[in-house]
Amino acid sequence: MSETLLPRAAATPIVIVGHVDHGKSTLIGRLLHDTDSLPEGRVAQIIESSRKRGLQVEWSFLLDSLQIERDQGVTVDSTRIPFHLGTRQFVIVDAPGHRQFLRNMITGAADAEAAVLVIDAAEGAQEQTRRHAMLLRLIGIRHVIVLMNKVDLLDYDAERIAACERATGALLDKLGITAALFVPASAREGDNIAARSERMAWYTGPTLTEALDAVPAPSSRADLPLRLPVQDVYRFDNRRYVVGRIERGRVRVGDPLVIGSHGTVARVAAIESWHTAPQISAVAGQSVALVLEPDVIPDRGDLLHPPGDAPVRAARIRTRLFWLRQEPLRVGESLRLRLSTAEHAVTVVSIDSVVKLDDLTEHPSDHVPPEGFAEITLAASEAILFDPFLPGTTDGRGVLVDRHQRIVGGAPLIGPAQIAEGARAIHPTGSTLSPWDRAQARGHRGAVFWLTGLSGSGKSTLARGAETALFAEGIDVAVLDGDTLRAGLCADLGFSDADRRENIRRAASVARIMAETGQVVIVALISPLAADRAMAREIVGEGFEDVFVDTSLDQCEARDPKGLYAAARAGRITGFTGIDAPYEPPANPDLRLATGAEATGETIARLVRHITGAVVLADAARRRS
Ligand code: GDP
């Protein structure tokens with residue numbers, strides 16, 4: 001049996017971030033060249049292709065050519081570019097394409113020890129500078145070097161460079177990031193990258209490579225209490241092996257360990273490791289196979305920890321968020337939270353604040369926009385075991401994925417969410433059936449068609465007519481009609497603005513649930529106010545369409561099927577839409593049905609065509625025809 005084998009000194013991972021065109025690619029090319037990290041012949045190639053285009057040496061071409069190789073699969077690891085300073089190895093965590101880069105930042109770059117924030121000194125911080133700086137804070141990079149690039153454009157002037165340093169420092173201050181260093185440099189000319197610039201004799205600080213060399217080596221996580229997320233459990237030769245990579249701490253034969261999910265304690269009987277003899281101990285960074293006594297069976301995703309040092313256990317978790325999906329995130333959405341080897345179904349129960357990117361202030365909001373930063377609260381149906389986010393470790397590094405396992409957000413877990421006094425904790429659960437599964441089974445998507453219009457405009461008639469026709473076409477359809485709702489679910493509500501709003505809120509919430517289960521829902525509600533309809537759209541989210549049943553007040557009053565206009569004119573009912581309460585017609589409805597000129601059957605057919613066009617899946621449409 002051997003003592004612990006320490007992992008070999010690994011390369012120090014760094015990330016290089018910055019606004020587009022501020023010189024990130026040029027810097028990478030320059031760094032690789034100036035540190036002799038390029039394959040033979042590559043420099044000649046760059047000089048040649050720059051010359052052909054009549055340019056000075058364009059170092060960013062180097063990254064382009066590396067990227068082409070990566071696309072062709074020539075380079076083995078497509079997202080890590082190695083270089084060295086003397087004997088010390090570094091690796092630049094990179095990714096082709098903006099979105100892939102951001103995704104990589106919240107996953108691949110999670111281990112980066114340091115970041116170089118590239119700023120065009122002439123232009124100053126721009127939108128992506130702020131976004132990337134926020135990301136650095138989000139993923140907890142502790143060592144930030146600011147490279148004030150393109151100082152050649154400022155004629156290497158100390159005064160103007162100092163102004164850039166002050167402005168950038170103030171920006172980082174707002175984020176609570178303390179830059180380790182500000183280096184004035186020109187990536188294109190090579191000033192202060194690997195060689196000290198003679199054109200800035202006034203600058204006595206380190207060059208970029210000196211600054212990188214001073215980055216502390218990856219800190220040892222071996223001295224922290226043990227965390228071993230279970231990757232798998234294998235049976236082999238009549239023994240059971242619990243397999244995983246030690247995230248922090250160390251484990252020794254004989255140690256008692258708690259199996260997080262059940263709280264049972266087991267003892268480590270043996271530690272096996274690949275390619276080595278059985279060991280008596282192992283440390284952070286190593287993958288091990290443990291034999292436990294008694295032979296308990298944890299699940300994948302379970303967390304093993306020492307008896308005296310348990311992680312936090314909570315079902316509601318406060319979370320920072322970097323949102324990557326194209327569509328905004330809204331309250332009520334169900335997602336999956338990936339936490340090392342575990343995956344939990346979670347629901348967004350509140351969006352607590354969203355960062356405004358222009359000035360980095362935090363505001364309340366009901367959604368998180370694409371590439372937005374926020375603080376949100378997640379709820380799971382049962383308690384999750386986690387360590388709050390700790391920069392420099394893997395603790396609390398949650399990633400949100402959708403049902404197709406696509407990464408949609410970076411989500412460091414800050415801690416358990418406090419439940420407001422008097423409030424009851426609610427834990428909505430998400431379905432394990434995806435909308436896609438349901439749509440496939442039915443041949444159509446779930447959606448909500450929200451019919452708005454004056455009383456007597458024909459909403460209910462159109463809704464019921466469309467319901468019958470759609471049903472005949474095999475579409476699973478339901479109508480939520482204003483009067484029907486008021487007879488039951490909303491029987492307690494009157495017609496004040498607040499009650500109308502509540503009526504709409506309830507209808508939208510029910511419609512959403514139905515649409516999520518794959519039904520086509522036609523809502524027929526006067527819903528006179530634009531703001532209330534916007535709220536309904538917000539509640540339903542994807543798949544909401546508003547349909548304006550555009551019948552003039554005169555026509556409605558002439559029809560007056562329920563005698564309500566007459567009663568309102570006579571003052572027997574008050575607050576009647578169109579008479580003494582406002583109706584705000586939708587400015588840009590998804591569909592407008594002017595009922596005046598055509599037969600009702602024609603209008604219904606138009607509505608049905610619109611709905612089938614929106615919900616029926618393409619292959620199902622082919623089968624139908
Ligand atoms: P990226 O989008 O951040 O990767 O930016 P690039 O590296 O592609 O650079 C954008 C442009 O800025 C290119 O035309 C570069 O030649 C130019 N550039 C990069 N670094 C410098 C510099 O130090 N000085 C000057 N004058 N131009 C630079």
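Computed from heavy atoms alone, side chains included, the values below leave out hydrogens, waters and symmetry copies. For ligands, and for the atoms within them, numbers begin at 1 and follow the listed sequence.
Interface atoms of ligand 1 facing S186, defined by a heavy-atom separation under 4.0 Å, are 22 (C), 23 (O), 24 (N). Listed by number with element, the atoms of ligand 1 under 4.0 angstrom from any heavy atom of T26 are 6 (P), 7 (O), 9 (O), 15 (C), 19 (C), 20 (N). Each of the following atoms of ligand 1 lies closer than 4.0 Å to a heavy atom of V20: 2 (O).
The backbone and the side chain of D21 each have at least one atom closer than 4.0 Å to an atom of ligand 1 (non-hydrogen atoms only). Residue contacts with ligand 1 for L153 involve side-chain atoms from C-beta outward but no N, CA, C or O (heavy atoms, distance under 4.0 Å).
Distance from atom 5 (O) of ligand 1 to its nearest protein heavy atom, with residue and atom name: G23 N, 3.2 Å. The shortest contact between atom 3 (O) of ligand 1 and any protein heavy atom is with K24 N, 2.7 Å. The protein heavy atom nearest to atom 4 (O) of ligand 1 is S25 OG, 2.4 Å. For atom 20 (N) of ligand 1, the closest non-hydrogen atom of the protein is N149 ND2, 3.2 Å. Counting protein heavy atoms only, atom 13 (C) of ligand 1 is closest to E58 OE2, 4.0 Å. Considering only non-hydrogen protein atoms, atom 25 (C) of ligand 1 sits nearest to D152 OD2, 3.4 Å.
At distances below 3.5 Å, at least one donor-acceptor pair connects side-chain atoms of D546 with backbone N or O atoms of D590. No side-chain donor-acceptor contact under 3.5 Å links R336 to the backbone of L400.
Ligand 1 has no N or O atom lying under 3.5 Å from any N or O atom of E189, backbone or side chain. At under 3.5 Å, not a single nitrogen or oxygen of A185, backbone or side chain, sits near a nitrogen or oxygen of ligand 1.
Ligand 1 is approached by A187 to a heavy-atom distance shorter than 4.0 Å. Heavy atoms of H19 approach ligand 1 to within less than 4.0 angstrom.
Classification of D191 and R199 as a salt-bridged pair holds, one side-chain N sitting under 4.0 Å from a carboxylate O. A salt bridge is absent between K150 and E123; no separation between the charged side-chain nitrogens and carboxylate oxygens falls under 4.0 Å. The pair D387-R248 counts as a salt bridge, with a side-chain nitrogen and a carboxylate oxygen less than 4.0 angstrom apart. For the pair R51 and E48, the salt-bridge criterion is met [side-chain N within less than 4.0 Å of a carboxylate O].
Applying the side-chain contact (heavy atoms from CB on, under 4.5 Å) rule to D232 yields the partners Y234; only residues at least two apart in sequence or on another chain are considered. For E327, the salt bridge (charged side-chain N to carboxylate O under 4.0 Å, His left out) partners at least two apart in sequence or on another chain are R325.
Considering only non-hydrogen atoms, atom 18 (N) of ligand 1 lies nearest to K150 out of H22, R30, K150.
Between H132 and F101, the distance from one ring center to the other falls under 6.0 angstrom.
A 4.5 Å side-chain heavy-atom check between P13 and E113 finds at least one atom pair inside the cut-off.
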